[in-house]
Amino acid sequence: MEAIEIISAIAPIVTIVGVVAIGGWVFTTWLRIKNGYPLDGAWGQAIYPKTSDEAMERVKLISQENAQLRAELGSVKDRLSVVERIVTDESHRVASEIEALRRPAN
């Protein structure tokens, strides 16, 4: 009779722990799928996502686009530095001309 009381006291705790563990596993799997991480099989091998020719081609295209965008960004940075130099040099020149006009003529 005492064993039944112990089991009936422990059963809800065991059930709650089991449900939380299964819920955590489902949540972790969902996060891995959502973020593109591979899922592991029974022996640790990756089962998702499988690398196919289409996926490899997509990676190649994205890498090419990335290189083009980096080159474009480099040229934009160069142009911006030229514009900054023009703006700062021009304002310095204008300020020096104004100061020259304020000084009394000899």
Would you give the length of the straight line joining atom [atom1] of [X] to atom [atom2] of [Y], rounded to the nearest 0.5 angstrom?
{"X": "K60", "Y": "D53", "atom1": "NZ", "atom2": "CG", "result": "10.0 Å"}
{"X": "E72", "Y": "K77", "atom1": "CD", "atom2": "NZ", "result": "12.5 Å"}
{"X": "N66", "Y": "L61", "atom1": "CG", "atom2": "CG", "result": "12.5 Å"}
{"X": "I62", "Y": "L69", "atom1": "CD1", "atom2": "CG", "result": "11.5 Å"}
{"X": "S96", "Y": "L101", "atom1": "OG", "atom2": "CG", "result": "9.5 Å"}
{"X": "R102", "Y": "E99", "atom1": "CZ", "atom2": "CD", "result": "5.0 Å"}

Under 3.5 Å: donor-acceptor pair, side chain of N35, backbone of L31: yes
Non-hydrogen atoms of D78 and S81 that approach each other most closely: O-OG, 2.7 Å
Cluster overlap F27 with I22, hydrophobic side-chain contacts below 4.5 Å: no
